[in-house]
Amino acid sequence: MDDLNSEQTLPPARAIRFDRVGDLFAEMPEIAKFIETAPEADEGYRGFLERLRASSTPEEAVTFTAFALDAKAGVKWGMECVSSLVPDMAPEDTKLMNLVSDWVADGSSENRWNALQLAMFAPRRSPVVYLGLGVGWSGGPLAPNDLVTVPAWRGPRAISSAVMRAVGQMRTEHRAESLDFVLDRAAGLFRLN
């Protein structure tokens, strides 16, 4: 009987920060600096994402996704998008992507600091560097002996920048298709909301 129970499907892990979109905007008011469109009363995550996606500025849907997802889910989404859009990474980006991946697998402070340190001192701001900053700014002190933390909006903003920079690196004729790709992945994360 135990074998039957072990094969049961587990419910998906919660990936969003707050139960309602309105709560997200109330608790993280900085989001309004990056998204001009406000959610309607009782609008769900998926509905708001699709409304942003259909607007004249669908890039706001990327920003919304980065803010709506909790830190680990947001970084994981960003990793999947960046890896798919930028498959041939420079060696320093590959090294940093491995550190970002280590943090997704084990969200320890040590893994967060390792990713942040490499991202902070990177010679250029690639999509992967922004992911590293997103990891480093996901919460907690900036260094082992430092009590300073960054505002909660900085991590999601870095993840949004990573995804948009990856989309921006595509050839002009492929950018709309690439934006659709990352937003399709986001829509899948909001399927239950």
Can you give me the closest heavy-atom contact between [X] and [Y], atom names plus distance?
X	Y	result
E43	V21	O-CG2, 3.4 Å
I31	F67	CD1-CB, 3.5 Å
V104	M79	CG2-SD, 3.7 Å
P127	Q169	CD-NE2, 3.5 Å
T65	A186	OG1-CB, 3.4 Å
A66	P156	CB-O, 3.3 Å

F190 vs F64 aromatic rings, parallel, tilted or perpendicular, using cut-offs 30° and 60°? tilted

Applying side chain to side chain donor-acceptor pair (under 3.5 Å), which residue pairs with at least one partner in residues 123-146 are found, sequence neighbours left out? D93-R124, D93-S126

So, [X] side chain and [Y] main chain: donor-acceptor pair closer than 3.5 Å or not?
X	Y	result
R17	D23	no
R112	P141	yes
S55	T57	yes
D102	N111	no

R157/E30 ion pair, N-O < 4.0 Å: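 No salt bridge links R157 with E30.
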
Rounded at 0.5 Å granularity, tell me how far [atom1] in [X] sits from [atom2] in [Y].
X	Y	atom1	atom2	result
F34	W153	CZ	CH2	4.5 Å
L96	S101	CG	OG	11.0 Å
I16	L189	CD1	CG	10.5 Å
I159	T63	CD1	OG1	11.5 Å
Y45	F18	OH	CZ	7.0 Å
L131	K76	CG	NZ	14.0 Å

Test of understanding: clusters of I, L, V, M, F, W, Y form through side-chain heavy atoms closer than 4.5 Å, transitively. Do [X] and [Y] belong to the same one?
X	Y	result
M97	V163	yes
L49	L24	yes
L147	L142	no
W113	F121	no

Trace of the salt bridge (charged side-chain N to carboxylate O under 4.0 Å, His left out) decision for D184 with R53: CA-CA 10 Å; D184 284 345; R53 187 177 186 173; 2.5 Å; yes

Would you find more than 12 non-hydrogen atoms of other residues, nucleotides or ligands less than 6.0 Å from [X] atom [atom1]?
X	atom1	value
D42	CG	no
E173	CD	yes
Q117	CD	no

Would K72 count as a cation-pi partner of W103, with NZ or CZ less than 6.0 Å from the six-membered ring centre and within 45° of the ring normal? yes

Please evaluate residues V82 and M89 with respect to the criterion side-chain contact (heavy atoms from CB on, under 4.5 Å), reporting the C-alpha separation (whole Å), side-chain torsions for both, the decisive distance (0.1 Å), and the verdict. CA-CA 10 Å; V82 170; M89 293 182 196; 4.3 Å; yes

Using distance alone, with no hydrogens and no angle criterion, decide if E60 and T37 have a side-chain donor and acceptor under 3.5 Å apart.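 Indeed, the side chains of E60 and T37 share at least one donor-acceptor pair under 3.5 Å.
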
In the structure I gave you, are the side-chain heavy atoms of L179 and M164 within less than 4.5 Å of one another anywhere? yes

Is the closest side-chain heavy-atom distance between P144 and E110 below 4.5 Å? no

Under the side-chain contact (heavy atoms from CB on, under 4.5 Å) rule, what do V182 and L85 come out as? Steps first, then yes or no, please. CA-CA 9 Å; V182 300; L85 296 176; 3.8 Å; yes

